[in-house]
Amino acid sequence: MLVRVRYAPSPTGYQHIGGVRTALFNYLFARAKGGRFILRIEDTDRDRFMEKALEDIYRTFDWLGFHWDEGPDIDGSYGPYCQSERLKLYQKHTEELINSGYAYFCYCSPERLESIRKIQQKEKMPLGYDRHCRNLTDEDRKRLEKQGTKSVIRFKVPPDGSTSFHDELLGTIEKTNYDINPDPVIIKSDGFPTYHLANVIDDHSMKITHIIRAQEWLSSAPLHVLLYRAFGWEVPKYCHLPMVLGQDGQKLSKRNGATRVVEFIEKGYLPEAIINYIALLGWSFDDSREFFTLKELEELFSLDRLNKAPAVFDYKKLDWFNGNYIRKLPKEELREKLIPYLKQDKLIGDQLTAEEERIVTGLVPLVQERLQVLSDVTPMVRFLFREVAEYNIEELIPQKLDAAGTERVLEKISVLLQDFSGSSNEEIEQLFRDLAKELGIKLGGLLMLLRVTLTGSRVSPPLLESIRLLGLKKTMGRINRVLKLLSGRS
RNA sequence: GUCUCCUUCGUCUAGUGGUUAGGACACCGGGUUUUCAUCCCGGCAGCAGGGGUUCGACUCCCCUAGGAGAUGCCA
């Protein structure tokens, strides 16, 4: 049988890193099994619907670089792929349910529901609907309809017995029917289905074979099984993935860190790094390998390498992966990825001048092994485009020297640098070594003085290359500025 | 409260009755290096607790504890 799996986000917010991981596992499973991966939009909540969220789904997966085989934009003959366009189907099947006695109309007001919940909480009783409308007579119904009372449709959960199913990861899951949400709403008063109903009908009608979703759905799975049975449909295979938690051990959410994929894109994470990292959240290949391309994952992924326990999202490890992938990037590619960040931070203009072209090309090899995320580039190379905002005199003066001494050293450096452009790095370095020896200070201290003079910071890309990018004119300008600063001090 | 699921270093994980419990991130040392970073070497650190089963338990069973999720006219 052809494997068919789906990712079914609801467009109520931006794509979430946890959701993307669910999507990835579904995609990988489909590829590994030679099956189909389907995107279905579960837009049945009209209050929370966001047009932007829909765009975000497309943008996210374009960026990640993997796509569905069927979806709103790719017809696969099981459409439409948006639930809001499938209302007739839900209606039809709901009628079946009512006719066969599995569902009923409920006229309870939100206020009534609220009040019984309060009582239940107060009395420490199990929460849930009291099945008040389950045995309404036809008379009652007619009267309520005549009064124009709004209604919903509820599914009859048997009060006795139990429901069990097999989970590919967790094994047999059993729940007594008593503990299942008593008679949940399947059609809301606005005529739209709730998740449970639409999900079951769609998975069946789209011939989904495996439902791979997060474990937060585990407790409603028995209800879904009951629905399948009420319809007389075969229950698909289930696999409930371990949850992804934030650093605080709670369900990953805005409160405990970045969760929206756009945030990761903006900070400068690479899709390869994100994919590689999240693939390892609850899944592993063996005892040591941890670098995988999407292509490799497509071949290697399997459900039986899944972990049951929830995984805490580790931003530091993601950073490490990202740094690794940045280092693997061809120079030209990294350059193109860096330019938007330099533009955004106004270090360069929208149209690069020849000089900017030169500097941008030259800085790439200088920062490549220093970047953890792409947005790190700006503070690292700011000095190449901007004057130093303010010097910290303390950082300028080497150990065992005073301002006057420092001034003299810097003057010597300035002289030494005169024929910089004609010399190789090795030659210049030798000159610096000699100078340091002559002055009786460490080479590191000597160069630190120059480094701070040019960059305003004790941490910078390699000095000599930086000078070449900066140009002798600006270099001398900064040296002279610091010289003045020092003479004012001594 | 109730129900369900989960439990190996701080974190991600390997491990499926006999291992000095392995790897990675992080952290801490050391080396290379003009700073930082990279790179290399080394170190710290774990089977939640208690009962069984067994010649032998991280591995199987039970209990306890802890964690998470669910308990909606949200998904």
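Reminder, nothing fancy here: chain letters follow the sequence lines and each chain counts from 1.
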- What nucleic acid atoms does A:Val152 come within less than 4.0 Å of, heavy atoms only: base, sugar-phosphate, or nothing? base
B:U11 and B:U34, which share atom name P, separated by this distance in whole Å: 39 Å
So, is A:Asn307 near the phosphate of B:A14, with a side-chain N or O under 4.0 Å from OP1 or OP2?
yes
Should we count NZ of A:Lys188 as having more than 12 external heavy atoms under 6.0 Å?
yes
For B:C74, the nucleotide meeting Watson-Crick or G-U wobble distances (both under 3.5 Å) is none
Rounded to whole Å, NZ of A:Lys188 lies from P of B:C74 at a distance of 4 Å
| message | Distance check, C1' atoms only: B:C28 and B:U19, in whole angstrom units. | response | 27 Å
- Centres of the A:Trp320 and A:Tyr325 rings: under 6.0 Å? no
TODO: Scan A:Gln121 against the nucleic acid and name what it touches under 4.0 Å (heavy atoms): base, sugar-phosphate only, or nothing.
DONE: nothing
With the side chain defined as heavy atoms from C-beta on, A:Asp314 is closest, among B:G10, B:C3, B:C73, to B:G10
Taking a pair to mean Watson-Crick or G-U wobble geometry with both distances below 3.5 Å, B:G42 pairs with B:C28
message: Over all strands shown, is A:Asp179 touching base, sugar-phosphate only, or nothing at heavy-atom distances under 4.0 angstrom?
response: sugar-phosphate
Does A:Arg289 come within less than 4.0 Å of A:Glu296, counting only side-chain N to carboxylate O? yes
For A:Ile180, report the nucleic acid contact type (base, sugar-phosphate, nothing); a contact means any heavy atom under 4.0 Å.
nothing
Assign each of A:Tyr195 and A:Gly282 the nucleotide of RNA chain B bearing its closest heavy atom; nearer the 5' end lies the nucleotide of A:Gly282
Between A:Glu145 and A:Lys150, does at least one N-O distance fall below 4.0 Å, as a salt bridge requires?
-> no
When you compare B:U59 with B:G49, how far apart are their P atoms, in angstrom units rounded to a whole number?
10 Å
To the nearest angstrom, the CD1-P distance between A:Ile186 and B:C74 comes to 13 Å
Per-nt protein contacts along nucleotides 28-42 of chain B (heavy atom under 4.0 Å; B base, S backbone sugar-phosphate only, - none) come out as ------BBBBSS---
- Message: Distance alone, cut at 3.5 Å: any donor-acceptor contact between the side chains of A:Ser205 and A:Arg86?
- Response: yes
Scanning all shown strands, the Watson-Crick or wobble mate of B:U20 with both distances under 3.5 Å is none
- Item | Rounded distance in Å between the C1' positions of B:G51 and B:G46 | 22 Å
Check your understanding: What is the ring orientation for A:Tyr195 with A:Trp217, classed by angle as parallel under 30°, tilted 30 to 60°, or perpendicular over 60°?
Key -> parallel
Hey, do the aromatic rings of A:Trp68 and A:Tyr7 have their centres closer than 6.0 Å?
no
*Separation of the C1' atoms in B:U4 and B:U8, to the nearest angstrom*: 23 Å
- Query: What about A:His240 and A:Tyr238, are their ring centers closer than 6.0 Å?
  - Reply: yes
Shorter than 3.5 Å, N or O on both sides, protein versus nucleotides 64-71 of chain B: list them out with atom names.
from	atom 1	to	atom 2	distance (Å)
B:A68	OP1	A:Gln250	OE1	2.1
B:G69	OP1	A:Lys251	N	3.0
B:A70	OP1	A:Lys251	NZ	3.0
B:A70	O4'	A:Ser219	OG	3.1
B:A70	O2'	A:Ser219	OG	3.0

A:Ile274 CD1 to B:C12 P, in whole Å, measures 18 Å
- Please state the C1' separation for the pair B:C9 and B:C27 - nearest whole angstrom. 12 Å
In whole angstroms, the gap separating P of B:U4 from CG of A:Asn177 amounts to 12 Å
If we count only N and O atoms by modelled type, under 3.5 Å, do the side chains of A:Ser460 and A:Arg451 hold a donor and an acceptor together? yes
Spacing of the P atoms in B:A21 and B:U13 (rounded, Å)
22 Å
dist A:Leu470:CG -> A:Arg468:CZ (nearest 0.5 Å) comes out at 12.5 Å
Practice item. Answer yes or no: side-chain N or O of A:Lys317 and base N or O of B:A26 forming a donor-acceptor pair under 3.5 Å. Key: no
Rounded to whole Å, CG of A:Leu223 lies from P of B:G72 at a distance of 12 Å
- Between the side-chain atoms of A:Thr12 and the base atoms of B:C74, is any donor-acceptor pair under 3.5 Å? no
Whole-Å distance, A:His224 NE2 to B:A75 P, equals 11 Å
Atom NZ of A:Lys308 and atom P of B:C5 are separated, to the nearest Å, by 10 Å
For B:A14, the nucleotide meeting Watson-Crick or G-U wobble distances (both under 3.5 Å) is none
Would you mind classifying the nucleic acid contact of A:Arg305 as base, sugar-phosphate or nothing, using non-hydrogen atoms under 4.0 angstrom?
sugar-phosphate
Residues of residues 40-52 of chain A with a heavy atom under 4.0 Å from any atom of RNA chain B, listed by number, are A:Glu42, A:Thr44, A:Asp45, A:Arg48
Pairing of A:Lys328 and A:Glu272 as salt bridge, 4.0 angstrom limit: no
Margin query: Ignoring hydrogens and geometry beyond distance, is a side-chain donor-acceptor pair present between A:Asn322 and A:Gln372 at under 3.5 Å?
Written below: no
From CG of A:Leu306 across to C1' of B:U13 the rounded distance in Å is 13 Å
As its Watson-Crick or G-U partner within any shown strand, both distances under 3.5 Å, B:C60 has B:G52
Report task. State whether A:Asp45 and A:Arg48 are salt-bridged, where the test is any N-O pair (Lys NZ or Arg NE/NH1/NH2 against Asp/Glu carboxylate O) under 4.0 Å. Result -> yes
Whole-angstrom distance between B:U38 and B:U33, as gauged at atom C1'
10 Å
**Message:** Do A:Asp434 and A:Gln430 pair up side chain to side chain, a donor and an acceptor below 3.5 Å, judged on atom types alone?
**Reply:** yes
The Watson-Crick or G-U wobble partner of B:A68, with both key distances under 3.5 Å, is B:U4
*Below 6.0 angstrom between ring centroids: does that apply to A:Phe321 and A:Phe291?*
yes
